[in-house]
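Throughout, a chain's letter reflects where its sequence line sits, starting with A, and its residues are numbered from 1.
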Amino acid sequence: MKLAELARELQAEILHAGRGFDESEVRSVVASDLMSDVLLVDRPTPLIVTSLASDQVIRTADIVGALGVLIVNGKNLPSNMKTLAAETGITLLRTPLPKFEACIRIGRALDY
Amino acid sequence: MTTDPHPPPHSPAGPPPPLPVPADQSPLVLLDLLYKLKIRDVMTTPPITVTRKDPLRLARHLMREHRVTGLPVAENGRLYGIVSMDDILQALEGGWMDNPVEHHMARNVVVLEDDMPLAFGASYFDKYRFGRFPVLDRNRRLVGILTSRDVSAAVLVELLQEFARLEARLPNPTPPQTVPRQTALQFAVAPLDFERAGRASHEIKRALSDLQFDPRLIRRAAIAAYEMEMNMIIHSKGGRLTVRITPRQIELEAHDTGPGIPNIAQALEEGFTTANEWIKSLGFGAGMGLPNIRRVSDEFSLQSSPSGTTVRATLFCPP
């Protein structure tokens, strides 16, 4: 499923549309608030689902070549997180849904 | 699935060539597509159909108008058979174009289900060499038809998107650089400088991308660099991160000025951490740093004393 489509499904705000946002296809997802766990995941271009609102999420996304970052729980973001997303070309989304529910919807949308 | 082990040929003028996507030899990216897509994503729907009582003449007219070579025979979603160009040719020769379709259609039809992966559909074109397969839903109602053209078009569209994505990830279109005999980059890392955390790793990743290393190797090197950088920020009095790049290997070295790791064996255990709650609130300090570095590198070494720690990770480039 396309990332843009999934964003709609999750009622997510698009805080930054990164490189190739419209064509990006979601193939794998990692949901964690621990960036070290995200670094452990050995799949190309994952979507990172997290309730951690920190610059380091974008840094981690950049390092692992993530498709994008979905912040759950409608968290407030540090002011430069969006700037960093723009600098690194990482898509940044924010949904009001709690993490569990966001994950369920993603799972359904991706036919897990 | 098939309703007949020896289905009659309902394909015109000889079997179509097999699809050029053998399931066991195709590149992974293609296999990924073939398993990700469902038949319903790709099939032609709604299918053009005739009913059992329709004359063959009407079937011929519809085939011509829609430029297809076969039509499912269906009523209210129930599939009764399939009529192909062969049947029409025989009717033209034999002079029975006004006979109802049901007397001449193939009744035992090989069908697909709409929620099967496309890989399954693609394999049917090899297995049966028919030009099309009616597609049924879970309730056995006819919902579409899958032709080899549908498969090729879908694969092509997906592959083009994949190419676009790959292109977007390539560095700017500067002429390809060759890896010089040795390049070294060095970055100072300050304690608790979360503001700038990750910049060194980002630069290292970019340098490796510019040098066109294999993306998987770049990813591993970037992960090691990032964990090294974060370790120094969280635990050390400051230090420097150095990367030495040759065509054969990438060597990363984190060297700090203390205070040293009291128990190295413990520090290498997954999950062991001395980080405080504040660091954990930033998403780090899970005790995975050193184990992660070791995991992604081909050679790993660690020396530590109260005057400083040196972590070295080497990644070999595949020939």
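- In this structure, the side chains of B:Arg295 and A:Leu40 come closer than 4.5 Å at one or more pairs of heavy atoms.
- With contacts defined as side-chain heavy-atom distances shorter than 4.5 Å, the pair A:Asp55/B:Phe194 does not qualify.
- Annotation for B:Glu270: atom CD does not count as buried by contact number, only 12 or fewer foreign heavy atoms lying within 6.0 Å.
- Judged by distance alone, with hydrogens and angles left aside, the side-chain atoms of A:Asp62 form no donor-acceptor pair with the main-chain N or O of B:His202 at under 3.5 Å.
- In this structure, NZ on B:Lys205 lies 11.5 Å from CZ on A:Arg59, to the nearest 0.5 angstrom.
- Contact annotation for A:Pro44: only backbone heavy atoms (N, CA, C, O) come within less than 4.5 Å of a heavy atom of chain B.
- Counting non-hydrogen atoms of neighbouring residues, nucleotides and ligands closer than 6.0 angstrom, the OH atom of A:Tyr112 exceeds 12 such neighbours.
- Neither the backbone nor the side chain of B:Arg216 comes within less than 4.5 Å of any heavy atom of chain A.
- Dense packing is recorded around CG of B:Asn276, with more than 12 heavy atoms of other residues, nucleotides or ligands lying under 6.0 Å away.
- Here A:Val64 is the residue among A:Thr88, A:Val64, A:Asp33 with the most heavy-atom pairs under 4.5 Å with chain B.
- Neither the backbone nor the side chain of B:Lys280 comes within contact range of chain A; no heavy atom of the residue lies under 4.5 Å from a heavy atom of that chain.
- Residue with the most contacts toward chain B among A:Asn80, A:Thr60, A:Ile58: A:Thr60 (heavy-atom pairs, distance under 4.5 Å).
- In this structure, B:Ala197 and A:Gln56 approach most closely via the heavy-atom pair CB-NE2, 3.3 Å.
- Looking only at side-chain heavy atoms (C-beta outward), A:Asp111 and B:Lys38 come within less than 4.5 Å of each other.
- Put simply, the side chain of A:Ser36 reaches to within 4.5 Å of the side chain of B:Glu227, judged on heavy atoms.
- Looking only at distances, no side-chain donor or acceptor of B:Arg219 sits under 3.5 Å from a matching main-chain atom of A:Ile63.
- Expressed to the nearest 0.5 Å, how far CZ of B:Phe284 lies from OG of A:Ser54 amounts to 7.0 Å.
- Within the 4.5 Å cutoff, the side chain of B:Met230 has no heavy atoms near those of the A:Met35 side chain.
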